[in-house]
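The structure appears right after this line, and notes come after that.
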Protein chains: 2
Amino acid sequence: MDKDKIDKKDHILDVAERVFSEKGFDGASTRLISGEAGVNMAMLNYYFGSKEGLFLAIFQRKISSFQNILQNLGNDETIGAWEKMEKYIELYGEKIVNNNCFQRLLYQEMGMNRSNDLSDKLRDMLLKNVTELDKILNEGIARGEFKKDIDIPMVIATLYGTKNYILNTPLIASALLRYDIQDEKMIEARLKPQIKSFMKNLMKAYLLNN
Amino acid sequence: MDKDKIDKKDHILDVAERVFSEKGFDGASTRLISGEAGVNMAMLNYYFGSKEGLFLAIFQRKISSFQNILQNLGNDETIGAWEKMEKYIELYGEKIVNNNCFQRLLYQEMGMNRSNDLSDKLRDMLLKNVTELDKILNEGIARGEFKKDIDIPMVIATLYGTKNYILNTPLIASALLRYDIQDEKMIEARLKPQIKSFMKNLMKAYLLNN
DNA sequence: TTGCATTAATCAATCGTTTGATTAATTTTG
DNA sequence: CAAAATTAATCAAACGATTGATTAATGCAA
């Protein structure tokens with residue numbers, strides 16, 4: 001069946017996404033990935049051509065869904081800039097748990113700035129998400145909702161940096177927050193609300209005229 | 001001479017620090033490191049025992065200097081909490097350029113949470129730096145300088161997360177800030193002042209009673 | 001000469017990939 | 001429908017290349 005084939009490819013991609021995010025591209029051997037996925041080693045090359053092709057396929061699977069999520073928000077004319085900001089933070093807080101492995105993998109790959117097609121695509125992808133936030137912030141200034149001397153690029157760096165710091169250093173973050181952020185229940189019950197709440201308060205204090 | 005030997009070891013460590021930070025532990029082969037350092041491959045094992053030993057030596061060289069930099073600040077009784085916070089941001093902003101490669105390497109290694117001695121040591125090291133910041137923030141609350149409902153762990157995550165985001169994704173950060181943050185001159189002339197200034201304003205807005 | 005530093009050569013292990021063969025599924029043909 | 005032909009999926013085995021590490025020989029200063 002075609003369905004089984006897609007499911008199997010999807011399963012391989014799921015496993016590979018996790019293993020790559022845990023071990024890095026070079027650290028994750030094709031033997032380990034195929035072993036954990038329960039498929040023969042040759043299947044990786046059969047389906048994805050090469051290890052790099054597999055790596056690329058992981059990202060391509062997500063890129064499309066990533067693209068249009070935030071775009072609607074930015075173009076909404078009915079709500080103010082601060083409301084958009086709040087909704088942006090909500091969306092961004094939700095995605096923390098959902099794409100944990102992928103986020104790790106994404107920024108890990110961006111870290112070592114290789115000069116290949118993949119890195120270029122990923123950078124474009126991330127910059128598109130960032131652009132939406134940029135629009136919201138500029139709109140807020142233009143409307144007089146936000147202070148006019150805010151540092152927009154740094155705000156963006158803060159928003160994503162804080163999230164990445166917590167996700168990418170789970171042991172340190174767990175020690176800081178005093179609960180295990182690797183535990184899915186804890187993420188849902190405590191981490192997500194805490195991040196959202198904090199980031200709203202932080203942005204409120206920095207962006208808004210008081 | 002003993003001096004030459006130490007210099008050569010130091011040179012190898014410098015090169016290895018850079019190569020590891022660029023390629024990751026698994027991606028950086030001993031042949032590449034020794035080649036870039038201009039020494040025979042066997043010298044790495046001769047000096048450091050193994051690849052992992054070399055990796056460990058990079059961190060051990062820095063750990064000692066890391067340790068006591070911030071401790072004096074925290075114990076200073078003559079200045080207020082907000083002043084300490086400002087000085088902390090100054091110190092933290094300065095170190096951005098100095099230990100660029102090392103910072104990358106450090107958080108890259110923390111990212112893939114291996115369970116070995118090295119990761120434990122690194123975690124302890126980072127947590128010690130974090131503890132000083134924690135003390136300052138608690139002191140600020142106790143003194144009534146800071147709002148009493150601030151989220152201390154998240155503030156710490158923001159401070160380090162923002163810095164790491166910029167350092168670890170240089171291409172994205174350069175696109176955001178509209179100047180090349182890989183250029184040493186730009187780091188000195190623009191990035192460092194901008195980060196310090198922004199972070200002070202951000203913290204002022206969030207921490208202080210208005 | 002003695003002891004440390006350095007080298008080229010070599011080691012076993014593992015890497016990503018390819019192969020040829022076999023099985024399962026699908027399509028075509030009579 | 002049933003048999004034959006074709007395609008797709010899967011496998012164990014092996015490939016050459018590269019890995020980290022070791023060896024034995026050499027260089028060299030004290």
Side-chain angles (χ1 to χ4, degrees), chain A residues 1-61 105 108-109 112 114 116-119, chain B residues 1-61 105 108-109 112 114 116-119:
Chain A
M1 293 279 260
D2 216 23
K3 204 58 173 300
D4 283 355
K5 179 185 158 190
I6 293 176
D7 286 350
K8 174 166 277 188
K9 286 181 77 169
D10 246 47
H11 174 242
I12 293 175
L13 286 172
D14 287 336
V15 173
E17 186 177 314
R18 178 176 56 78
V19 177
F20 273 132
S21 79
E22 286 170 358
K23 307 256 181 183
F25 180 81
D26 298 290
S29 72
T30 54
R31 283 171 177 78
L32 177 60
I33 294 172
S34 60
E36 299 235 343
V39 301
N40 189 277
M41 212 171 41
M43 298 310 294
L44 302 190
N45 295 293
Y46 180 74
Y47 280 131
F48 306 103
S50 67
K51 184 185 185 182
E52 196 173 302
L54 169 60
F55 195 65
L56 200 103
I58 294 173
F59 290 100
Q60 285 175 329
R61 186 173 60 152
L105 185 50
Q108 188 185 301
E109 175 61 18
M112 42 189 80
R114 300 184 166 104
N116 52 25
D117 290 340
L118 176 57
S119 287
Chain B
M1 291 280 260
D2 216 22
K3 203 59 170 303
D4 284 353
K5 181 183 157 190
I6 293 176
D7 284 351
K8 174 168 277 189
K9 286 181 72 169
D10 246 46
H11 174 243
I12 293 175
L13 287 172
D14 287 336
V15 173
E17 186 176 312
R18 177 177 56 79
V19 177
F20 274 132
S21 78
E22 286 170 358
K23 306 255 181 182
F25 181 81
D26 297 290
S29 71
T30 55
R31 280 171 178 77
L32 178 59
I33 295 173
S34 60
E36 298 235 343
V39 301
N40 188 278
M41 206 177 51
M43 300 307 295
L44 302 188
N45 295 293
Y46 181 73
Y47 281 133
F48 306 103
S50 67
K51 184 186 184 182
E52 197 172 300
L54 168 61
F55 195 65
L56 201 102
I58 293 172
F59 290 100
Q60 285 175 329
R61 185 172 61 150
L105 186 50
Q108 188 184 301
E109 175 62 19
M112 40 190 82
R114 301 184 165 102
N116 52 26
D117 290 340
L118 175 58
S119 287

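All values reported here derive from a predicted model rather than from experimental measurement. The analysis underlying the following values was restricted to heavy atoms, covering all of them including side chains, and did not include hydrogens, waters or symmetry mates.
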Would you mind reading off the distance between [X] atom [atom1] and [N] atom [atom2], rounded to a whole angstrom?
X       : N      : atom1 : atom2 : value
A:Lys8  : D:dA9  : NZ    : P     : 10 Å
A:Met43 : C:dG16 : CE    : P     : 17 Å
B:Phe48 : C:dA5  : CZ    : P     : 13 Å
A:Leu32 : C:dG16 : CG    : C1'   : 14 Å

DNA chain D-proximal residues of residues 14-23 of chain A, any heavy atom under 4.0 Å: none
Qualifying salt bridge (charged side-chain N to carboxylate O under 4.0 Å, His left out) pairs with a residue from residues 17-28 of chain A, counting only residues at least two apart or across chains: A:Glu17-A:Arg61, A:Glu17-A:Lys62, A:Arg18-A:Glu22, A:Arg18-A:Glu36, A:Asp26-A:Arg114
Residue pairs, two or more places apart or on separate chains, that pass salt bridge (charged side-chain N to carboxylate O under 4.0 Å, His left out) and touch residues 45-59 of chain A: none
Residues forming a ring-ring contact (aromatic ring centres under 6.0 Å, His included) with B:Phe48, sequence neighbours excluded: none
Test item: A:Leu54 and A:Leu13 side chains (from C-beta on) under 4.5 Å apart, heavy atoms: yes
Any A:Tyr47 side-chain nitrogen or oxygen under 4.0 Å from OP1 or OP2 of D:dA8: no
Counterpart residues, side chain to side chain contact (heavy atoms under 4.5 Å, CB included), relative to A:Met41 (two or more places apart): A:Thr30, A:Arg31, A:Ser34
Side chain to side chain contact (heavy atoms under 4.5 Å, CB included) partners of B:Leu56, counting only residues at least two apart: B:Gln60, B:Leu118
Step-by-step side chain to side chain contact (heavy atoms under 4.5 Å, CB included) determination, A:Phe20 to A:Glu109: CA-CA 10 Å; A:Phe20 273 132; A:Glu109 175 61 18; over 6 Å; no
Point-to-point distance, once rounded to the nearest 0.5 Å, from CZ of A:Phe55 to CD1 of A:Ile33: 9.5 Å
Sequence-aligned protein contact record of nucleotides 13-25 of chain D, with B where the base is within under 4.0 Å of a protein heavy atom and S where only the sugar-phosphate is: BB----BBBB---
